[in-house]
Amino acid sequence: MTPYDIVGVLISPLPILALLASVALSLAALYVIARRAFVQIRMVRIATGYLSVLVSMALVSATILATNGGITPENFIGFVVLFAYMACWMVAVIVLPLVIALTARGRGVVGWVLLASSAVGAPIFTVSTYLISSRNIANITAQQWTYDLLGAVMLMAIISGAFSIGARLPWAKSRLSV
């Protein structure tokens, strides 16, 4: 299956509906579980967080294509669709629940979100990439696993950082003395 086939599958109605359903289900579950933290962040900030993730994935796609050859419109659109789809899933499943959980505990700042989402999301992302790909997992060396894990940490940091900045999370906890 070529990357163009994957993009063709991703932009069809069923995967888009599945993505939107998972985002809506994630939002609904988080609202029920941690209503006060969810209301504190607000829906508009969550939407701007998702929008900033999409913009960051376009920048990541352009950077990858610029360093690995040339940017053609077909390659750029394919990379953006692929990265944006993957990033929206990661936000719905990993980043947003961590943001809500950290906010409920008074630690909803950019640094904690970056640390927690990279630590939790990178191994999940790496293993799921191996399971989806046609690579034989038994033949992956420790060095390749380390490279892939570090790449996943960087990608999760970009995704969670873009979401945190877009959602206007504070950079540090205010130290007001009472």
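Note that the structure is a prediction, hence the values are computed from the model and not measured.
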Taking all non-hydrogen atoms of both residues, which atom of I94 and which atom of G121 are closest, and how far apart?
CD1-CA, 3.6 Å

Can you tell me how far apart CE (M90) and CD1 (I158) are? Round to the nearest 0.5 Å.
13.5 Å

Looking at every non-hydrogen atom in both residues, tell me the closest pair between C88 and L54 and how far apart they are.
SG-CD2, 3.7 Å

Would you call M43 and L27 a side-chain contact if the rule is heavy atoms closer than 4.5 Å?
yes

If you look at every heavy atom in F125 and M86, which pair is closest and at what distance?
CE1-SD, 3.3 Å

So, the side chain of S118 versus the backbone of L115: is there a donor-acceptor pair under 3.5 Å, distance only?
no

Enter the distance from L96:CG to I46:CD1 here, rounded to the nearest 0.5 Å.
5.0 Å

Would a hydrophobic clustering, with Ile, Leu, Val, Met, Phe, Trp and Tyr connected at side-chain separations under 4.5 Å, put I124 with W89?
yes

R105 atom CZ, over 12 foreign heavy atoms within 6.0 Å
no

State whether the side chain of T63 and the backbone N or O of L59 hold a donor-acceptor pair below 3.5 Å, judged by distance alone.
yes

Can you list the residues that meet the ring pair (Phe, Tyr, Trp, His ring centres under 6.0 Å) rule with F76, with sequence neighbours excluded?
none

Point-to-point distance, once rounded to the nearest 0.5 Å, from CZ of F79 to CD1 of I64
6.0 Å

When you compare the side chain of F163 with that of V113, does any pair of heavy atoms fall below 4.5 Å?
no

Sequence-distant partners of L149, side-chain contact (heavy atoms from CB on, under 4.5 Å), two or more places apart
A122, P123, T126, W145

Side-chain donor or acceptor of S26 paired with backbone N/O of V23 under 3.5 Å
no

Of the options L102, I159, V95, which is the one that meets S117 in a side chain to side chain contact (heavy atoms under 4.5 Å, CB included)?
V95

Using every non-hydrogen atom in the two residues, find where A92 and P97 come nearest and quote the distance to one decimal.
O-CD, 3.5 Å

Within one Ile-Leu-Val-Met-Phe-Trp-Tyr cluster: V153 and M57, side-chain cutoff 4.5 Å
no

May I ask whether W112 and W171 are part of the same hydrophobic cluster, defined by side-chain heavy atoms of I, L, V, M, F, W, Y residues being less than 4.5 angstrom apart, directly or through others?
yes

What are the two closest non-hydrogen atoms of L114 and S160, and how far apart are they?
CD2-OG, 3.4 Å

